[in-house]
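I have a structure here, written as structure tokens, and I will follow up with some questions on it.
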Amino acid sequence: MQKFLYLALLCLSLVACGQSEPETKSAEQKPSPPVAGNPKSNLAIPDNRQSNHYRILLYGNSHTARQAGLIKRLISTSDPERLIDVENAGGGFLDDNLASAKQVAKLEDGSWTHVILQGQKYSQSGSTTYPTTAAQHWIEKTKVNGATPILFPEHPQRGNLDEGQRIHRLHTAISQQQKSCVAPIGLTWDKVLLTSPQLPLHHSDGNHASLTGSMLTALVFYEVITGNSADLLPYIPEIDVDEPIQQLLGQIASETLQSSPPCQFGR
């Protein structure tokens with residue numbers, strides 16, 4: 001029964017994402033909500049890796065599906081005694097979330113240690129440039145509230161060889177304007193797809209992540225949040241991904257993070 005319920009929920013999330021994909025007509029034609037000016041501060045990134053109680057909040061569209069549960073499972077496997085709360089606030093694009101008083105209040109009213117931000121609009125063709133001011137405001141609000149901001153560049157679509165790099169560069173540019181961690185999701189996916197192209201990282205739609213792809217993304221977040229190597233995690237039988245594949249994903253996640261450090265703390 002749980003399996004059928006999960007599949008139903010996944011299907012609903014995939015349908016909902018039709019309004020949240022950057023290159024759909026609705027996305028191209030829908031104007032961004034007005035954002036008043038640039039952030040007024042650019043604080044250093046709070047370092048909460050050693051927090052005794054992780055409280056992690058995610059914003060974004062259906063690309064964040066599964067992440068809350070997987071991140072919590074990875075952290076609790078590594079440190080069973082650590083307190084962990086992970087909440088997926090959803091909400092779609094970051095500029096839409098910024099226009100929602102409820103979504104802003106969720107960040108400001110909670111004692112979060114980490115806030116993962118996904119949903120920056122981008123053009124899959126590269127022909128359209130979208131403002132990044134909303135993302136910068138979210139980063140500022142996160143730091144003002146003492147949490148570590150982590151930008152979530154989406155993984156590339158199946159067969160798109162340059163999308164991962166392009167989206168990562170977009171989010172790196174945002175972090176240069178407003179200091180933030182940038183999780184190298186697309187770069188990690190690129191490396192796995194290059195070394196093991198047979199692995200089914202994508203859902204059948206070629207856009208969303210399969211469970212294997214979702215675990216790869218969660219392994220990147222695990223290391224960014226905790227500072228611990230994903231490569232050292234043991235096999236987790238509760239996640240339906242074969243042991244050799246889990247080991248490979250952890251290894252490549254850690255290799256990518258070593259070559260592309262996500263956070264510049266203390267600067």
Check this for me: D109, atom CG, are more than 12 non-hydrogen atoms of other residues, nucleotides or ligands nearer than 6.0 Å? yes
Give me the ring orientation class for H208 and H203: parallel if the planes are under 30° apart, tilted from 30 to 60°, perpendicular past 60°. perpendicular
From CA spacing to verdict: side chain to side chain donor-acceptor pair (under 3.5 Å), E223, S254: CA-CA 8 Å; E223 188 160 331; S254 291; 2.7 Å; yes
Tell me yes or no: between the side chains of Y222 and S78, is some donor less than 3.5 Å from an acceptor? yes
Using a 4.5 Å cut-off on heavy atoms from C-beta on, say whether the side chain of I252 contacts that of T256. yes
Would you say the side-chain atoms of N42 pair up with the backbone N or O of K179, donor to acceptor, closer than 3.5 Å? yes
Distance-only, no hydrogens or angles: does the K143 side chain make a donor-acceptor pair with backbone N or O of I45 under 3.5 Å? no
Please tell me whether Q136 and T132 have a donor and an acceptor in their side chains that are separated by less than 3.5 angstrom. yes
Just checking, any donor-acceptor pair under 3.5 angstrom between side chains of S41 and E140? yes
Of Q120, H171, Q118, the residue whose pairing with E154 passes side-chain hydrogen bond (donor to acceptor under 3.5 Å, both in side chains): Q118
Please tell me whether T113 and S51 have a donor and an acceptor in their side chains that are separated by less than 3.5 angstrom. no
From L117 CG over to I174 CD1, what is the distance, rounded to the nearest 0.5 angstrom? 9.5 Å
Measuring from atom OH of Y59 to atom CZ of F152, what distance do you get when rounded to the nearest 0.5 angstrom? 16.0 Å
With heavy-atom distances below 4.5 Å as the criterion, would you say the side chains of L98 and K141 are in contact? yes
Is the closest side-chain heavy-atom distance between I236 and L74 below 4.5 Å? yes
Checking Q251 against E255: is there a side-chain donor and acceptor pair closer than 3.5 Å? yes
Are H168 and W189 close enough that their ring centers fall under 6.0 Å? no
Are any of the side-chain heavy atoms of I245 and L199 separated by less than 4.5 Å? yes
Is any side-chain heavy atom of L57 closer than 4.5 Å to a side-chain heavy atom of H114? no
For H137 and N38, which I'm curious about, is there any donor-acceptor pair between the side chains at under 3.5 Å? no
Salt bridge or not for R55 and E87, using N-O below 4.0 Å? no
